[in-house]
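Please read these numbers as outputs of a predicted model, since none were measured by experiment. Order of the sequence lines sets the chain letters (A, B, ...), proteins ahead of strands, with each chain counted from 1.
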Amino acid sequence: MDKMIIGYKNSNGEVIDTQTTNDTSLTPITYGNSPEALNIIRHSTAHLMAQAINELYTNAKFFVGPTVDEGFYYDFRVDEKIGEEDLKSIEQKMKEIIKKKAIIEKYIITKDEALVKFANDDLKLAVLSRINDTEISIYKQGDFEDLCRGPHAPSVNMLHNFKLTRVAGAYLGGDEKAEMLTRIYGISFADKESLKAHMLMVEEAKKRDHRKIGGEMELFMFDDESGAGLPFWMPRGARLRARLESILHTAHRIRGYEPVRGPEMLKADMWRISGHYACYGDNMYLTEIDEQEYGIKPMNCIGHIQIFKHTPKSYRDLPLKYYEYGVVHRHEMSGALHGLFRVREFTQDDAHIFCTPEQIKSVVLDIVEFVDSVMKLFDFKYKMFISTKPDKAIGDDSVWEISTQSLKDALDDNNLSYEIDEGGGAFYGPKIDVKITDAIGREWQCGTIQVDFNLPERFGVEYTAEDNTKKQPVMIHRAILGSFERFIGVLTEHYAGEFPLFIAPTGVIFVPIADTHVEYANELKKAMLGINIDSEIYDKNDSLNKRIRNAEKQRVPYVVIIGDEEVANKSVAIRDRRTKEQYNLTQDEFMVQLTKQLTEGRI
RNA sequence: GCCCAGAUAGCUCAGUGGCAGAGCACUUCCUUGGUAAGGAAGAGGUCGGCAGUUCAAUUCUGCUUCUGGGCUCCA
């Protein structure tokens with residue numbers, strides 16, 4: 001028979017392994033890199049790893065070893081401390097085991113028998129306590145056996161192409177209060193080439209790491225003495241950020257948004273009314289001023305609500321769109337901090353739109369158009385998720401109905417596909433989350449659109465309707481980038497630091513050949529500022545070759561060489577990063593080209 | 001916050017219970033060069049911080065701050 005069959009799929013799409021059936025009328029799953037095959041291979045590789053760990057650490061006790069998006073892991077407990085360097089010996093042991101070519105067998109026992117069999121293994125008992133079935137399957141390879149629902153590959157012989165990637169701690173069952181187990185992550189593929197390609201992707205991701213590039217390019221920094229998770233923007237990073245802010249500012253104004261700005265902190269009572277004090281208090285920084293408690297804002301909504309309430313509003317004012325680059329502080333656990341991706345102080349591109357329930361659909365449609373423009377600008381593919389009413393929710397079902405349907409209609413009308421996250425909404429309303437995919441295929445959650453009936457109610461927000469009665473508006477919270485910090489982090493990795501001209505912190509580096517050419521370079525730099533291009537002059541006492549090499553390494557769109565010829569002709573000798581070409585233009589032609597290229601950043 | 005691993009020059013990293021090291025970057029000088037690393041000299045460190053063990057600690061121990069990989073959480 002075909003040795004390459006590693007499982008079957010039944011008519012319900014369920015995967016059944018070869019240990020369970022050899023019914024050839026089922027659809028076979030052949031050994032390869034299909035999602036189903038990989039799932040089986042990785043699951044079995046997790047077991048293989050457990051077997052190796054079991055041989056190396058005889059006191060090891062195992063919890064669960066599932067597959068995940070990026071491979072597999074196994075959680076276990078050992079007396080020894082396991083570090084990265086131990087992964088090599090575990091891999092070595094796994095390879096030894098493969099050489100024995102053990103068949104992977106399966107047998108069934110009752111749950112009662114399993115309870116007896118694993119009586120001395122508290123972790124397996126913990127696993128069993130989570131299983132309701134009366135029958136338990138056990139998989140066995142050589143002398144190693146493990147309680148598992150499968151499916152598994154027929155033989156360890158099929159598990160050659162793996163790599164253990166990291167070791168970490170993980171709570172038993174994901175419970176913060178439970179014991180911390182050791183977790184080892186790994187990945188495997190059907191062939192060597194795919195494994196190699198994956199490891200190359202990981203290498204590429206490492207090269208693009210925004211913390212590394214951000215440091216090299218001097219975009220931003222963190223300072224131990226000042227505190228964790230508090231980013232500092234250095235001149236180059238601040239230039240980039242200012243460009244992004246400026247592009248977005250115009251984009252908001254064109255779309256009818258009004259800029260507003262709320263204070264950095266408010267009396268704690270405001271946060272009590274909003275519900276933040278009770279629901280979000282653990283993440284808030286509180287302080288006391290003149291014996292009164294204040295809270296530093298973790299969100300911008302209250303400020304916008306107070307501004308809305310300050311003057312009477314008519315139905316004619318709706319929808320009313322307020323936006324703010326709102327600085328917020330949120331306490332994140334120290335272990336969660338991660339470069340610009342997770343910080344304790346950040347700025348949201350935040351907006352709150354006050355509208356009637358009937359207007360939700362068109363307002364959301366506008367926002368979706370806005371999101372689409374921004375994501376297209378940066379060449380991001382994206383997906384949308386609509387999250388519906390959770391079990392614990394406030395508000396009438398009818399209002400949930402109309403607003404959820406409005407979200408769906410808005411996306412359907414715009415021909416945008418989305419997935420439904422059933423019950424994933426906030427307690428105060430449904431939402432759309434935007435997940436973007438970067439240049440090397442990684443996904444990031446950035447933008448979010450949330451419908452809210454809760455805060456208008458709590459703060460007594462109202463407007464005068466056509467019939468001269470007071471009515472309550474709906475509030476739509478939305479962010480497109482999410483936060484400037486995270487988005488710039490993502491952009492940095494997306495472009496590997498080679499930002500397009502319209503946000504590049506430095507658009508041009510001028511390299512004068514000799515001192516006599518510096519004056520012209522200064523003139524050019526000044527002219528550049530006139531058309532909103534930041535440039536730098538590299539006139540250090542290094543050899544010309546070295547200066548060109550260093551300038552080229554700066555990830556700047558244009559390197560421009562200035563010599564006698566250029567000074568005489570008022571021209572520039574260009575090295576164009578985008579076209580990877582060298583050519584000459586007059587100064588005027590160059591400025592026209594740059595100005596034109598800057599307009600690519602208009603949305 | 002929890003588990004594991006780290007912290008040595010501006011950066012990347014060697015190294016040692018007994019005077020602190022390299023490459024790059026930096027400063028000065030020579031070189032004034034037309035397209036990817038010219039040469040020489042110099043400066044730079046409380047070996048993250050605080051205690052403890054020791055004749056002696058950058059090295060061993062404890063605590064602490066920060067960083068990394070996860071868990072958890074989230075923009």
Side-chain angles (χ1 to χ4, degrees), chain A residues 68 70 73 75 77-78 80-87 165-185 206 209 211-212 215-216 218 221-230 280 282-283 298-300 326 328 330-350 433-434 444-448 450 477-490 511-518 539-554 559-566 573-575 582 584:
Chain A
V68 287
E70 284 271 296
Y73 67 81
D75 283 352
R77 182 203 297 135
V78 282
E80 295 84 352
K81 287 179 177 178
I82 295 187
E84 300 276 344
E85 63 281 2
D86 298 312
L87 295 183
T165 48
R166 50 181 70 108
V167 54
Y171 297 112
L172 195 158
D175 178 0
E176 208 176 329
K177 295 189 179 63
E179 171 190 358
M180 176 78 58
L181 300 175
T182 302
R183 171 176 294 182
I184 295 180
Y185 282 92
K206 234 182 238 169
D209 191 314
R211 293 165 298 184
K212 179 175 144 67
E216 283 170 10
E218 297 182 3
M221 51 170 264
F222 291 90
D223 177 44
D224 292 4
E225 291 174 11
S226 304
L230 303 172
Y280 205 73
D282 289 347
N283 290 70
M299 298 185 194
N300 307 296
V328 295
R330 299 183 185 176
H331 181 71
E332 297 288 350
M333 288 188 292
S334 59
L337 301 175
H338 180 98
L340 287 181
F341 289 165
R342 183 64 57 79
V343 291
R344 287 178 174 159
E345 187 257 281
F346 58 98
T347 306
Q348 295 179 301
D349 61 323
D350 205 2
D433 283 327
V434 181
W444 308 94
Q445 141 96 68
C446 289
T448 178
Q450 304 177 352
H477 308 238
R478 62 102 275 214
I480 293 176
L481 308 184
S483 79
F484 282 92
E485 283 73 11
R486 179 178 292 179
F487 195 78
I488 289 173
V490 171
V511 179
I513 289 176
D515 287 347
T516 48
H517 312 125
V518 172
D539 61 352
K540 276 197 327 203
N541 188 18
D542 290 326
S543 68
L544 180 64
N545 279 351
K546 183 167 181 175
R547 283 181 292 145
I548 287 169
R549 177 186 152 81
N550 284 341
E552 277 290 333
K553 281 170 59 184
Q554 297 301 306
V559 172
V560 168
I561 317 296
I562 304 295
D564 286 340
E565 205 178 300
E566 286 72 27
I574 297 165
R575 288 171 154 253
Q582 294 180 29
N584 292 281

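- Residue-level contact check: Val511(A) touches neither bases nor backbone, having no heavy atom under 4.0 Å from any strand.
- Note: CE (Met333(A)) to P (C73(B)) measures 8 Å, nearest angstrom.
- Contact annotation for Gly326(A): no contact, since no heavy-atom pair falls under 4.0 Å across all strands.
- The C1' atoms of U53(B) and C2(B) are separated by 30 Å, rounded to the nearest whole Å.
- Counting any heavy atom pair closer than 4.0 Å across all strands shown, Arg575(A) reaches a base atom.
- A close approach under 4.0 Å does occur between a side-chain nitrogen or oxygen of Ser543(A) and OP1 or OP2 of G38(B).
- In this structure, Asn550(A) reaches neither bases nor backbone, as no heavy-atom distance under 4.0 Å exists between it and the strands shown.
- Of the candidates G33(B), U35(B), C73(B), G33(B) carries the atom nearest the Arg547(A) side chain, counting heavy atoms from C-beta on.
- Residue contacts shown for Leu544(A) are limited to sugar-phosphate atoms, with no base heavy atom under 4.0 Å away.
- Glu566(A) comes within contact range of at least one nucleobase, with a heavy-atom separation under 4.0 Å.
- Put simply, CZ on Arg549(A) is 23 Å from P on G33(B), counting in whole angstrom units.
- When heavy atoms are screened at a 4.0 angstrom cut-off, Glu565(A) is found touching base atoms of the nucleic acid.
- Judged by atom type and distance alone, Asn541(A) does not reach the base of U32(B) through any side-chain donor-acceptor pair under 3.5 Å.
- In the set C74(B), C2(B), A36(B), the nucleotide with an atom closest to the side chain of Arg486(A) is C74(B).
- A pairwise comparison of heavy atoms in Phe341(A) and Gly489(A) identifies CE2-C, 3.4 Å as the closest pair.
- When rounded to the nearest whole Å, the span between CG of Asp75(A) and P of G70(B) equals 14 Å.
- By the stacking rule of 5.5 Å between ring centres and under 30° between planes, Phe487(A) does not stack on the base of A75(B).
- Nucleotide A51(B): paired with U61(B) (Watson-Crick or G-U wobble, both distances less than 3.5 Å).
- Considering only side-chain N and O atoms, Tyr185(A) lies under 4.0 angstrom from the phosphate OP1 or OP2 of C71(B).
- The nearest whole Å value for the distance from the CG atom in Leu337(A) to the P atom in C2(B) is 14 Å.
- Contact annotation for Gly169(A): base contact, defined as any heavy-atom pair under 4.0 Å involving a base atom.
- We find that CG of Leu172(A) is positioned 12 Å from P of U72(B), with the value rounded to whole Å.
- Rounded to an integer number of Å, the gap from Asp542(A) CG to C29(B) P is 14 Å.
- Two residues are said to be in side-chain contact when any heavy atoms from C-beta on lie closer than 4.5 Å; Ser334(A) and Arg344(A) meet this criterion.
- No donor-acceptor pair closer than 3.5 Å links the side chain of Arg342(A) to the backbone N or O of Met333(A).
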_Run Val559(A) and Ile548(A) through side chain to side chain contact (heavy atoms under 4.5 Å, CB included) and show every step you take._
CA-CA 8 Å; Val559(A) 172; Ile548(A) 287 169; 5.6 Å; no
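- Using a 4.0 Å heavy-atom cutoff across all strands shown, Asp350(A) reaches no nucleic acid atom at all.
- Annotation: side chain of Tyr73(A) is not in contact with side chain of Val167(A) (no heavy-atom distance under 4.5 Å).
- Within the 4.0 angstrom heavy-atom criterion, base atoms lie near Ala573(A).
- Within the 4.0 angstrom heavy-atom criterion, no nucleotide atom of any strand lies near Glu216(A).
- Distances from the side chain of Arg330(A) to the nucleotides A75(B), G69(B), C2(B) place A75(B) closest.
- Between U59(B) and U46(B), the two P atoms lie 15 Å apart (nearest whole Å).
- Note on Arg342(A): every side-chain N or O is 4.0 Å or more away from OP1 and OP2 of C74(B).
- A distance of about 15 Å separates the P atoms of A40(B) and U31(B), rounded to the whole Å.
- Side-chain N/O atoms of His338(A) include one lying less than 4.0 angstrom from OP1 or OP2 on G69(B).
- For G6(B), the paired nucleotide is C66(B), the pair qualifying as Watson-Crick or G-U wobble because both relevant distances are below 3.5 Å.
- Among the atoms of the strands shown, only primed sugar atoms or phosphate atoms (P, OP1, OP2) are found under 4.0 Å from some heavy atom of Ala228(A).
- For Arg183(A) and C3(B), the shortest distance from a side-chain N or O to OP1 or OP2 is not below 4.0 Å.
- Rounded to an integer number of Å, the gap from His517(A) NE2 to G34(B) P is 10 Å.
- With both pairing distances under 3.5 Å, C29(B) is matched to G39(B) as a Watson-Crick or G-U wobble pair.
- For Lys540(A), taking side-chain heavy atoms from C-beta onward, the closest of the listed nucleotides C26(B), A75(B), G33(B) is C26(B).
- Taking every heavy atom of both residues into account, Phe222(A) and Gly339(A) meet most closely at CZ-O, 3.4 Å.
- Between Arg211(A) and the phosphate of G69(B), there is a side-chain N or O to OP1/OP2 separation shorter than 4.0 Å.
- Between Lys546(A) and A25(B) there is a side-chain N or O to OP1 or OP2 distance below 4.0 Å.
- To the nearest 0.5 Å, the span separating CD on Glu332(A) from NE2 on His338(A) amounts to 13.0 Å.
- Between the CE atom of Met221(A) and the P atom of C66(B) there is a distance of 15 Å, rounded to whole Å.
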